[in-house]
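We use all heavy atoms of the structure for the numbers below, so side chains are in, but hydrogens, waters and symmetry mates are not. The sequence lines fix the lettering, A, B, ..., with proteins before strands; numbering per chain opens at 1. All values reported here derive from a predicted model rather than from experimental measurement.
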Amino acid sequence: MMNETNFQNLTAEDFRFAQHADKIRDKKPETKPVGYFRDAWRRFKKNKASIVALCIIVFLILFSIFVPVFSHYDMSFSDPVYRNKIPKNNILAHIGIATGVYEKELNTRAYEYYASIGIGASYDRETDTEDNTQAVGAEYSAIRSIAGKTAERTVTKMDAYLEIGFRYLSVTQEEYDSIVAYEKETGEQVLYPMVDIYDSSVADTEDANYWFKVDETGRAVTDSQGNLEDLYMRDADGNVVYSVSRDVTGKMIRVLYYKYFVYKNGFEPEFLFGTNSVGQDIVVRLASGIRLSLLLAFGVSIINLLIGAIYGTIEGYYGGTTDLIMERIVDILAGLPFIVVATLFQMHFAKTAGIVPALLLAFVLTGWIGTSRRVRTQFYRFKGQEYVLAARTLGAGNFRLMFKHIFPNTLGTIITSSVLVIPSVIFSESMLSYLNIVNLSGTTMTSIGAMLSDGQAVLASFPHVIFFPALVISLLMISFNLFGNGLRDAFNPSLRGVND
Amino acid sequence: MAKYVIKRILLMFFTLFVIMTVCFVLVKLLEPNEILDVTQAEREEAIREALGYNKPILVQYLIYWKNILTAFDFGVSFKIEYLGSVNSVIQDRLLPTILINLYALVFSVPVGILLGIAAALKKNRWQDHVISTLVMLFVSVPSFVYAFILQYLFGAKLGWFPIQMASVSSTGGYFTWEMFSSMILPILALSFGSIASLARFTRAELAESLTSDYMLLARAKGLTVGQATMRHALKNAMVPILPTIIAMFANILTGSLIIEKIFSVPGVGGLYIQSIQELDYNVFMAVTVFYTFIGLAANIIVDLSYGFLDPRIRMGAKK
C-alpha cells in the first residue's frame, strides 16, 4: 500500500515480468470436452425406458440374425401334417413351458381312438403283439396323462405332436428301401403293419389310426383280457404285411408319423413357437419377418433422410421463388394417400422390379417430405444469423454455408425424425401385407403382416399362430417409439440443464 | 380472410387434379379387365364404347372428366357390382363406415380428454404415471393387435359379442340393437388409438397452460383451483386440441382399412381393398379420389379452424 505512491524509488527490477522464465499459455481444460453427441448420449443414458427399448431392439435384431443359423428349420420347410401345432420344445418342457401338451376332453369313443395310438405304436415285430399298458404316458402315447374322469367323458392331457398317430403314405420303391435301411441301422421302427381295409370292422379306411376292431356303435372290441383286436393285413402264412403295391412304382405304407418325421428330417418334431396353418415353423418365419421389416425400415429411413435433407436444404437456403415452386411440388406429393401409392406401385412394378423394391419406392416417394420440412424450417431460422453473415463476409461459398455452417444445426431433429420413421414404416409394411396389397407370404421371405393374416384365420382355435407375430410387432413398435422419444429428449437443446 | 380461403380451395382442387391425372394414367396403363359375363357382353361393350375404352388414353381422360363435371358420374363397376354405377357402390358402403367411426368418435373424444385432464392435474403423481404408461402402450401398439385381442377375448373366448359385424339382411337395418352389439368390438378397436393420442395431447397442452402466469393471476384474484382450471387453463389448452377433433370428424368418411377388414365391416375401406383384389379400376379410381379429397379438405378445415378458434392467428395476414 505504501509503495503505491512511491514512484521515485522504482528500480529496473520492478519492471521485469513476474514470470519471465516461461511464457504463460491458456491451460488445457482438465476435464474432457463435451461435444454435441456426447452430451446427447449422456442425457439419453439417464432415460431408463429408452435404454430398455434399445436393449429390446438389439435383442430382436440378434434374434432375426441368429435364429436361421441355429434353427433346424428353414423358410422352405413345411409339413402339412404338423399344421397349427402348439409350441413344443424338449428342453423348455422340463420347466413346464412349451410342452406341446394341451387339455382335451374326450368321450369314450374318442378316448379309445387316442389310447389306441400308444398301444399301436408298441407293436412288437418279434411277438406280433401290442403292449396294452402303453395307452397313457408311454414314449409314443398321444395321451400323456389323465386329468379327470366322469362316466361319460375323460379329460386328458394330449400331446399335439403325437396325436397325429399313424398315417398312410404312398412312396416309391427307393424311398421304401431307404426306410428299411434306416430301420436296420438305427433299430427304430418306422413302418407298421398295414391294416386290412377290406375288413368290415374298420371304422375309417382313410384313417391309419383305426388298426383295431370296432363294433357297429363304433366302440372298440376287446378280447377277454381287455386287449384290442388288430385288423392287420396278413399274407398266406399269417405274417403281417408292411406295404401294399399300388401301381408299377408306388407303394402304400403305414408309418407312425412322429418316427417318420425323425427318419425324414433327422430330428424330433418340436417347434418353439409352434407351426402355422401350412405346417411351417413360426420362429424361423418370424425371424425372416423381423429382418424384412427392419431392413426395409432402415432403408427407407436412410433414403428419406438423404433426399429430405438435400431438398429441404435447397428450399430453405435459397428461399423465394425456388422455395415456392418446390413447396408446391411437396404439397401435391403430400396430398397423395400413401395406400394409393403403395397399391399402384405394387401393380406396376412388383412384377418387373420385385415386391420389396416396389414397396421401398412407395415409401420413399412421399416419405421424405417430413424431413425436408424440418430441415427447411431450421434453415429459415439460422440462415439470417450473424455467424452465417460473418462466414459469408469471410468468403464462404453457398455450398460451404449450407453444409458446413447451417446444416449441422438440423442434425438433432432429423436424426430423431429418422428414428421415428422406423416404427411407422414397420406398421405400414405389416398393414399392407396383412391386407394382402403386398403379397409377401412366400417360401423365401415373409412379413409379420402376412403372418398375422395367416393367424387371424385360425384365431379362435389356434391363438398361438397369431400371438407371436402380434407380440413381436408390438415390441418393435413400442421399443422404437420409446427409443425415438428418448433421442428426441436427448437432442432437444431446450431440455439442457433440466432435470426431471 | 376470404381471399385466403379461396386461394386454399383453388390450390386444393389443383392438387386433386394433378393426383387424379397421375392415378388415371397409371391405372390405364394396367391390363384392362376382361368381360366378366358373356351373356352381358353386348351391354358391356356398349358401356366401354361410351367411356371411350377403345380410344387413346387422352380421349378417355377427357370423357372421364366430362362425365364427372356434367353428371358427377365416376363410371361403371365391372366387377364388384356388375355394370352398376360406381357412385351407388360407394354410397352403399358409406353408412356402415360413418356409423362405426361416429360411434368411435363419440366414445373416444370425451374419454380421451377426461383422461388427459386427469393426468395433467395429477402430474408426476401415480395417477399420471398410470395414464401416461397406458397411453404410451396404446399409441405404440398397432391397432390391429388390440383388434385381435378384443376379437379373441370378447368374441371367441367369452362370446359376449359376435366376432364379425352382422349383415344388414340378418339384423334388418343399421339401427337395431343386434347390429350395434356387433359393432362394439370394431368401435372399441378404433377408439383405443384415438383415446390414447387425445389423452396425450390434452395432458401436454393442459400441463403447459396450468403453469402459465395467467393461472397465478387467476388464483391471486381469488378464484379456486377448479374455477381457474375450468375457465382459464382448459379454455386455452383447448385451442390446439379442437382442430384435431375437427379433423377426426372430417375423417369419419374414410374407413379404417384394417379394422374394416378384421371385422368384415361392409364399408369404404373394405371396398377399397376389394377393388384392388378384384381389379375393379373405376371403383379404385373413385375411392382414391374420395380419399384424396377428404384428406385435402380436412387439412384446409383444420388450418382454417385455427384461425377461428385462436384470435392470435390471423389468416392470410401479411407477416
### Task
Look at the aromatic rings of B:Tyr61 and B:Phe17 and report parallel, tilted or perpendicular, splitting at 30° and 60°.
tilted
### Task
Measure A:Leu475 against the heavy atoms of chain B and call it side chain, backbone, both or neither at under 4.5 Å.
neither
### Task
Cation-pi check, B:Lys157 to B:Tyr152: give yes when NZ or CZ is under 6.0 Å from the six-membered ring centre and within 45° of the ring axis, no otherwise.
no
### Task
Please state whether the side chain, the backbone, both or neither of B:Ile273 comes within less than 4.5 Å of a heavy atom of chain A.
side chain
### Query
Among residues 351-361 of chain A, which ones touch chain B with a heavy-atom distance under 4.5 Å?
none
### Query
Quick one: are the ring centres of A:Phe363 and A:Phe338 less than 6.0 Å apart?
yes
### Message
Quick check: closest heavy atoms across B:Leu198 and B:Met248, and the distance to 0.1 Å?
### Response
CG-CE, 4.1 Å
### Query
Of the backbone (N, CA, C, O) and the side chain (C-beta and beyond), which part of A:Ile466 lies under 4.5 Å from a heavy atom of chain B, both, or neither?
side chain
### Query
Between B:Met12 and chain A, which part of the residue has a heavy atom less than 4.5 Å away: side chain, backbone, both or neither?
neither
### Residue part contacting chain B, namely of A:Leu482, when any heavy atom lies under 4.5 Å
both
### Message
Under a 4.5 Å cutoff for heavy-atom pairs, which residue among B:Leu16, B:Ile149, B:Val141, B:Ile262 has the most contacts with chain A?
### Response
B:Ile262
### Task
Please name all residues satisfying ring pair (Phe, Tyr, Trp, His ring centres under 6.0 Å) with A:Tyr311, sequence neighbours left out, ordered by chain then number.
A:Trp368
### Message
Can you give me the closest heavy-atom contact between B:Gly269 and B:Leu257, atom names plus distance?
### Response
O-CD2, 3.4 Å
#### Entry: Exercise: do A:Ser447 and A:Glu429 side chains pair donor with acceptor under 3.5 Å
yes
### Which atoms of B:Phe144 approach chain A - backbone, side chain, both or neither, heavy atom under 4.5 Å
side chain
### Query
What part of B:Leu11 gets closer than 4.5 Å to chain A, counting heavy atoms only: side chain, backbone, both or neither?
side chain
### Residues of residues 201-210 of chain B with any heavy atom under 4.5 Å of a heavy atom in chain A
none
### Query
Ion pair present between B:Arg8 and A:Asp331, side-chain N to carboxylate O less than 4.0 angstrom?
no
### Query
Can you list the steps and then say if A:Phe273 with A:Phe467 is a ring-ring contact (aromatic ring centres under 6.0 Å, His included)?
CA-CA 9 Å; A:Phe273 288 173; A:Phe467 173 77; 8.7 Å; no
#### Entry: Contact class of B:Phe284 relative to chain A, heavy atoms under 4.5 angstrom
side chain
### Message
Quick check on the interface: out of B:Ile276, B:Leu137, B:Val287, who has the most heavy-atom pairs with chain A under 4.5 Å?
### Response
B:Ile276
### Message
What part of A:Ile437 gets within 4.5 angstrom of chain B, counting heavy atoms only: side chain, backbone, both, or neither?
### Response
side chain
### Query
B:Gln277 versus chain A, heavy atoms under 4.5 Å apart: side chain, backbone, both or neither?
side chain
### Query
Of the backbone (N, CA, C, O) and the side chain (C-beta and beyond), which part of B:Leu29 lies under 4.5 Å from a heavy atom of chain A, both, or neither?
both
### Query
Given the options B:Ile258, B:Val139, B:Val27, B:Ile163, which has more heavy-atom pairs under 4.5 Å with chain A than any of the others?
B:Ile258
### Task
To the nearest 0.5 angstrom, please state how far the CG atom of A:Leu420 sits from the CG atom of A:Asn485.
6.0 Å
### Message
How close do A:Ile56 and A:Ser479 get, counting heavy atoms only, and between which atoms?
### Response
CG2-OG, 4.0 Å
### Query
Taking only residues two or more places apart in sequence, or in another chain, which ones meet B:Leu26 in a side-chain contact (heavy atoms from CB on, under 4.5 Å)?
A:Leu344, A:His348, B:Val22
### Task
Give a yes or no answer on whether the side chain of B:Ser132 reaches the backbone of B:His129 with a donor-acceptor pair at less than 3.5 Å.
no
### Query
At what distance, to the nearest 0.5 angstrom, does CZ of B:Phe24 lie from CE of B:Met285?
6.5 Å
### Message
Nearest 0.5 Å, please: how far is CG in A:Asn47 from CZ in A:Phe483?
### Response
11.0 Å
### Option that, when pairs with chain B are counted at under 4.5 Å, heavy atom only, ranks first among A:Gly335, A:Ser453, A:Ala460
A:Gly335
### Query
What closest approach, in Å, do A:Ala160 and A:Ile86 show between heavy atoms, and which atom pair accounts for it?
CB-CG1, 3.8 Å
### Cation-pi, A:Tyr380 ring and A:Lys383 (6.0 angstrom, 45 degrees)
yes
